[in-house]
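Working notes, structure below.
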Amino acid sequence: MNRHDTIHTESADERLALMCKALGHPARVAILRHLHEIDGCVCGRIVEVLSLAQSTVSEHLRKLKLAGLVRGEVDGLSTCYCIDRDGLERLREMLSGLCPGAGVAAGPSCQDEAKTRGDAP
C-alpha cells in the first residue's frame, strides 16, 4: 500500500483543516514568509516587519504554533519563533494526498463530464 492508498481518518482531515485555517489570514502567511526568508528564529522583530500590534502578532503566532507550522521556544522573557519544517512537510504531504494527481495531466472538466452523462446544454 502506498501513501496515496491510505485511508484518511477524521483526525487527519481535522489536522489538515486546522493547518489550512491557520494559513487563511494574510498576516500569518507573511509571518511564515518572513521566518522562511531569515531561515532562523526571531524574537520580537516580527512586529516591526508586519507593522501590527504585539498582541495581534502574538495571536497569529499562537495559531500558527497550534497548527504545527511554527515552533516557539522561551528565551528568557521572550519567545523565539521559527518555522516548524516537519509541520510544513506534513502539510505538503497531506495536500498531496488530498489531490494526488495535481500537477500531472488535468482530468476532464465539469463540462466534459456533463457531456458524457448527457446533461450538458
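Keep in mind that this is a model prediction, so the values were computed, not measured. Quick note: residue numbers are just sequence positions, from 1.
Of the inter-residue distances, the one linking Ser96 atom OG with Leu91 atom CG reads 9.0 Å to the nearest 0.5 angstrom. To the nearest 0.5 Å, atoms CZ (Arg85) and CZ (Arg71) are separated by 9.0 Å. Here the CG atom belonging to Leu35 is positioned 11.0 Å from the CG atom belonging to Asp84, to the nearest 0.5 angstrom. One finds the CD atom of Glu89 at 10.5 Å from the CE atom of Met94 (value rounded to the nearest 0.5 Å). Considering NZ of Lys63 and CG of Leu61, their distance stands at 11.5 Å, rounded to 0.5 Å. Residue Lys65 holds its NZ atom at 11.5 Å from OG of Ser58, rounded to the nearest 0.5 Å.
Taking every heavy atom of both residues into account, Gly40 and Cys82 meet most closely at O-CB, 3.6 Å. The minimum heavy-atom distance linking Leu50 with Ala30 is given by the pair CD2-CB, 3.6 Å. Scanning both residues, Cys20 and Leu95, for their nearest heavy atoms gives SG-CD2, 4.4 Å. Here the closest heavy-atom approach between residue Leu32 and residue Ile83 is recorded as O-CD1, 3.5 Å.
Note on Leu52 and Val47: same hydrophobic cluster, where clusters join Ile, Leu, Val, Met, Phe, Trp and Tyr whose side-chain heavy atoms are under 4.5 Å apart, directly or indirectly. Leu66 and Met19 are assigned to two separate hydrophobic clusters, defined by single-linkage of ILVMFWY side chains at heavy-atom distances under 4.5 Å. No path of Ile, Leu, Val, Met, Phe, Trp and Tyr side chains, each step under 4.5 Å between heavy atoms, connects Val49 with Val57, placing them in separate hydrophobic clusters. A continuous path of hydrophobic side-chain contacts links Leu23 to Tyr81 [ILVMFWY only; heavy atoms under 4.5 Å].
Comment: Arg62 engages Glu59 in a salt bridge, judged by a side-chain N to carboxylate O separation of less than 4.0 angstrom.
When side chains are defined from C-beta on, His34 counts as touching Ile38, because their heavy atoms get closer than 4.5 Å.
For His25, the NE2 atom is densely surrounded, since the number of other residues' heavy atoms within 6.0 Å is greater than 12.
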